[in-house]
Protein chains: 2
Amino acid sequence: MDNDELVSECVKSARPRERIIDTAQLLFRKHGIRGVGVDAIAEAAGTNKMTLYRHFGSKDELIAECLRETARGADPFWRDLEDNFPGDPLAQLHEWVRAVATYASMEAGGCDLVTAAFELPEPDHPARLVVEAFKHDQRQRLIALCRKAGIKEAEKLADTLGLLLEGARVNRRSVGPDGPSARFVMLAEAVIASFSAAGKVETKGKKVAEGV
Amino acid sequence: MDNDELVSECVKSARPRERIIDTAQLLFRKHGIRGVGVDAIAEAAGTNKMTLYRHFGSKDELIAECLRETARGADPFWRDLEDNFPGDPLAQLHEWVRAVATYASMEAGGCDLVTAAFELPEPDHPARLVVEAFKHDQRQRLIALCRKAGIKEAEKLADTLGLLLEGARVNRRSVGPDGPSARFVMLAEAVIASFSAAGKVETKGKKVAEGV
DNA sequence: TCCTGACGTTACAGATCGGTAACATGGGCG
DNA sequence: CGCCCATGTTACCGATCTGTAACGTCAGGA
């Protein structure tokens, strides 16, 4: 509560609206969504409560907008994946493992969307719609990637990797960065290897090329 | 906030202290730890705020005590595992998968300990000590079980299963019971199978008997 | 120039929060 | 009986919360 003013110093945006969203994301991560009030957000963003309420009708709307902004951040992630390994979905899959592990070990760490789902138990909260849509979208993308990579049981591998990742993030959040979450890359690679082997056994004789 | 009085009807305990803990656990699950006040807990428990504060010095202490109580609930779980399949650690491992999946699909669902870790970001909160100790204990138990079951890379399998489980719980919490979390048993069994195969390949020629 | 619209400032409402003080009550036990 | 201790009751404190009203200020465009 003391150094939150400094937080806003890292947020240099012209428009108050962007400053508020950026600052709110930082403060939500630090103190929890319910642990920070709109007054503190506005002040840390270098503005005031009235301006905040003129842009976002309520705190719940601000929360939802912050989550939408966070969710939009995943798009360049997938674009980079495709750009860095064009036409090589298996390499993209391995890079996905490495990249999400790197992202999960940052201070942003635990996915803001999941954190919000934990902090807001009301089933009809506007933020829940954002979370569900995001999770569904990410799952579909990962399934498609596994399928293009020639994995036979693509859904199964994608769900295993997805649950492993969420587990690693939540574990890191509850027991710190030195727990089992530190082994995520190794565990995920082992799972991919086992699914790849199974896939090749089953598709023996057939061309592996399914994607690409 | 309206039907929380009925909640207390399910809690028939003689002593106010137990009633308060049981009621607090229910309300924390329903509204979140930060979403329910001590007054509401006391009233729903059929007592009053003063009695609550005489038993637990603060809300934070009550939270920690609730988590300790929840953590104690895992002991009979492991005892049943040993009692139902005595001397058969591999069967115990498969039963572990089935049992935790059943538990995770109940309304208690998302582990209260993890939820608390998400809701209480302060790193020195007394509840965090309980969470970390519990998670460490569960991990050690699962590693020991895998080892006794003859798995060669016991730690690796235990961590994979642990992260899968935590991922399934958090996924269920964020996208509901019809997401990938519904496939936890299948995914976990596939992982066990792959580790069992790897273990047998590597220990080929040696006696498999290591535990028991 | 003037006007409009975004933004800042102050004050306030109504509710709820965690936590405490003072006192009444009532049952078990010597 | 008389005492004690756990519990119930009421009132209160100061702080904080979301959200609103009224009124300045100021830059930029027609």
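Per chain, numbering begins at 1; letters A, B, ... match sequence-line order. Worth saying up front: this structure is predicted, and the values here are computed from it rather than measured.
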Novice: Salt bridge or not between B:Glu155 and B:Arg139? Use side-chain N to carboxylate O under 4.0 Å.
Specialist: yes
Novice: Considering only C:dA22, C:dT9, D:dT7, which nucleotide approaches the side chain of A:Asn48 most closely?
Specialist: C:dT9
Novice: Could you list the residues that satisfy salt bridge (charged side-chain N to carboxylate O under 4.0 Å, His left out) with B:Asp80, not counting sequence neighbours?
Specialist: none
Novice: Rounded to whole Å, please give me the gap between CD in B:Glu43 and P in D:dG8.
Specialist: 13 Å
Novice: Do any of residues 52-70 of chain B sit with a heavy atom less than 4.0 Å from DNA chain D, and if so which?
Specialist: B:Arg54, B:His55
Novice: What is the distance, rounded to the nearest whole Å, between atom NZ of A:Lys49 and atom P of D:dC17?
Specialist: 9 Å
Novice: Rounded to the nearest Å, what distance is computed from the CZ atom of residue A:Arg17 to the P atom of nucleotide C:dG5?
Specialist: 19 Å
Novice: What's the CD1-P distance between A:Ile20 and C:dC7, to the nearest Å?
Specialist: 8 Å
Novice: Taking OP1 and OP2 of D:dT7, is either one under 4.0 Å from a side-chain nitrogen or oxygen of B:Thr47?
Specialist: no
Novice: Quick one: B:Arg15 CZ to D:dC5 P, roughly how many Å, whole number?
Specialist: 15 Å
Novice: Is A:Thr51 near enough to C:dG8 that one of its side-chain N or O atoms lies under 4.0 angstrom from OP1 or OP2?
Specialist: yes
Novice: Starting at atom NE2 of A:His31, determine the distance to atom C1' of D:dC17, rounded to an integer number of angstrom.
Specialist: 16 Å
